[in-house]
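Written out below as structure tokens is the structure these notes cover.
Per chain, numbering begins at 1; letters A, B, ... match sequence-line order. Everything numeric here is computed off the predicted structure, so don't read it as measured data. Just the heavy atoms: all of them, side chains too, but no hydrogens, waters or symmetry mates, feed the values below.
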Amino acid sequence: MTLSNEALAAMVRPDSVHKHVYTDPEIFALEMERIYGQAWIYVGHESQVKKTGDYHTTRIGDQDVIMVRAADGKVHVVYNRCPHKGAKVVPEGDGCTGKFFRCPYHAWTFKLDGSHLSLPLKNGLEGTCYDPANPDFSMKAVARVDSYRGFVFASQSAAGPDLKTFLGGVASSIDNLCERSPVGEVEVAGGTFRVMQKSNWKVFYENLHDTMHARVTHESSFVAAREEAKEIGEMPFELLIMDGNGEPYEFWEKLELRAYHNGHGYMEGIFDPTAATRDPVSRDHFAVLTEAYGEEKARQIMGMNRHNTIIYGSGSPHTVFQQFRVIRPVSVDRTMIEIQTFRLKGAPDAVFDRALTYANLINSPSSNVMPDDVEVYKRCQEGNQTRGGDWVSLHRYLGTDQETPDGMVSTNGTSELPMRNQFAAWKQYMLNPPTQATPNQTASTEAGHAAA
Amino acid sequence: MQLLDRSFDVSTVPVAGATLSAEALRGVEQFLYREARLLDERRFAEWLALWTEDGRYWVPRFHDQANPFEQISLFWEDKMLREVRVRRVENARNWSQQPLTRSAHLVGNITIEGLDAAGHLIVRSTLQLTEWRIEQRQLAGAVFHKLAATDDGGWKIVLKRVNLVNCDDVFANLEVFI
């Protein structure tokens, strides 16, 4: 049974959402079809597939896909399925398949865009509809693939806005991440962590801009960092990045939360002119950027002091420390996070050292910060299974957020604007299922904030 | 930053052989058993005291990872970070340690590999680790200890490297030391 649009619409109120959006497997299945089946989803970075035949497996919602580099330099995204018996053609992970894909079951082969190449003993198919040009004999390509500054996204729907339109204002975070390199390019480097959370994927998105949780949930880690700093008489980088969560409420209230269409946004837009010269690593970085872009632009690039950015459906880039936490829904109560770290091409080595340290300390499975997050997400998942109430509150600073040309902005940094914005997009997707091959279908472009 | 000091010798390949008396070998074995027991009993203050001032704790993210400087690691901790971890798990508001992580380390197959360039003893063992926090988890791998001899005839840990069989897996959080 499929939930009616009326039932789905009733789950998102301007100030709250029904708990079933986190716990109902049927809603999860619909999300896979209606959100992950049409939105542009980040599949990986071009630097992960440098040479012809290099591939990287990942998932778009519940779909196993392969990102692969073809001989003409193009990056393709195809479903990981052989059209013969359905076997996954490549194993999970990264590798190089050479000049073509070859299924390990019966040696059907495919070009790197998935199209049929050959199969053994073709005479056995004589008199059938077998034809290399028949798509039934090819690996299926994902409907649309596009790249923004090396970040590869794919959409399973042939219709809908183009990638740039979809990203809207949030593209500025990808721009800033790239511009932190003096040549404007980044590459995935140092390896990827994968961490499992026992909670619904939306809980993590909401938490990314939840400024009210930091000093409560993270008390154990910021207190530990502060005690240690007191003991050793200094607060080095390793401790500083744990200490921040302990800022008083006044600090968080002053931050700016930006919300863009389609559920995107970022936290903290206050320009920080001191960021460029605060510490030795930043000073060296600033010098390299000044040479490349001139002092004013360099100051502007490093002063763009964004904390978590949200690209709804894909995950959360962190521009200042060059991370991308890619969020992969696994089931209604399981979410897998892939943490990528980027090297800024041409930047001093110490900038990558810092990114690696940040990944190890904050985003690794052994992080001292993350376990308390993961614990409270799980408690939400379990608490929402009880009969102790049906609604989840999004009331904070409702009605005070201001409209901007490309979205909305909070007037108080503890506003639950980001969650309201995410659920406005959610509702828009869920009420407008992807329709195949209707060229004027633009459902997801207008994920309005006014709707919630 | 101590963590970025590339002069720290993370190699566990011996450059010279080591010959230990049966009694000395027994001492090394007992030292490893005691280390495991301190972790299992969450006697973290005593565990922290087993290390040299510049000792490093390393759990690589990759099989055959050459060093912790070019690639990410599951753990890469100096004294300060080991202390922070202990402070966190012992904090009263450690939501993710309610209930606590309980563990049973089984240490076996202890072999003396030889000496490193600074004369530290390299010891290899195999670890089977059962962890429980709400549900059970099984971890296993090869552990390399580099040990410095102390004046009183004992040992201190210069490097503990744990090569997990599933280091490249998807993980739930790793909250306490392996």
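Looking at A:Glu338, neither its backbone nor its side chain comes within 4.5 Å of chain B, counting heavy atoms on both sides. For a residue to count as touching a neighbouring chain, one of its non-hydrogen atoms must lie under 4.5 Å from one of that chain's; by this rule A:Pro371 touches chain B with backbone and side chain alike. For chain A, the nearby part of B:Arg61 is the side chain; its heavy atoms alone come within less than 4.5 Å. If you measure heavy-atom distances from B:Asn91 to chain A, the contacts under 4.5 Å come from the side chain alone. Of the atoms belonging to A:Ile337, not a single heavy atom falls under 4.5 Å from chain B. With a 4.5 angstrom heavy-atom cutoff, B:Leu74 touches chain A via backbone and side-chain atoms both. For B:Glu90, no part sits under 4.5 Å from any heavy atom of chain A, backbone or side chain. If you measure heavy-atom distances from B:Phe69 to chain A, the contacts under 4.5 Å come from the backbone alone. For a residue to count as touching a neighbouring chain, one of its non-hydrogen atoms must lie under 4.5 Å from one of that chain's; by this rule B:Glu70 touches chain A with the backbone only. No part of A:Phe222 comes within reach of chain B, as not one of its non-hydrogen atoms sits under 4.5 angstrom from that chain.
Rounding to the nearest 0.5 Å places CG of B:Asn94 at 11.0 Å from CG of A:Asn368. Rounded to the nearest 0.5 Å, atoms CD1 (B:Ile178) and OG (A:Ser366) are 8.5 Å apart. Residue A:Glu227 holds its CD atom at 11.0 Å from CD of B:Glu83, rounded to the nearest 0.5 Å.
Between A:Val374 and B:Glu175, every side-chain heavy-atom pair lies at or beyond the 4.5 Å cut-off. B:Arg87 places a side-chain heavy atom less than 4.5 Å from the side chain of A:Glu231. Residues A:Leu361 and B:Leu81 have side chains in contact (heavy-atom distance under 4.5 Å, counting atoms from C-beta outward).
The shortest heavy-atom contact between A:Ala359 and B:Ile72 is CB-CG2, 4.1 Å.
Of the listed residues (A:Arg343, A:Gln197, A:Lys198), the one with the most heavy-atom contacts under 4.5 Å to chain B is A:Lys198. Contact count against chain B (heavy-atom pairs under 4.5 Å) is highest for A:Glu228 among A:Lys378, A:Met370, A:Glu219, A:Glu228. Counting heavy-atom pairs closer than 4.5 Å to chain B, the top-ranked of the candidates A:Met336, A:Glu238, A:Met196, A:Arg379 is A:Glu238. For the options A:Thr192, A:Val223, A:Leu239, heavy-atom pairs under 4.5 Å to chain B are most numerous at A:Thr192.
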Side chain to side chain donor-acceptor pair (under 3.5 Å) between A:Ser220 and B:Arg88, intermediate numbers included: CA-CA 5 Å; A:Ser220 72; B:Arg88 189 194 87 77; 3.1 Å; yes
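Ion pairing between A:Asp349 and B:Arg6 fails under the 4.0 Å rule for side-chain N and carboxylate O.
Looking only at distances, a side-chain donor or acceptor of B:Trp95 sits under 3.5 Å from a matching main-chain atom of A:Thr217.
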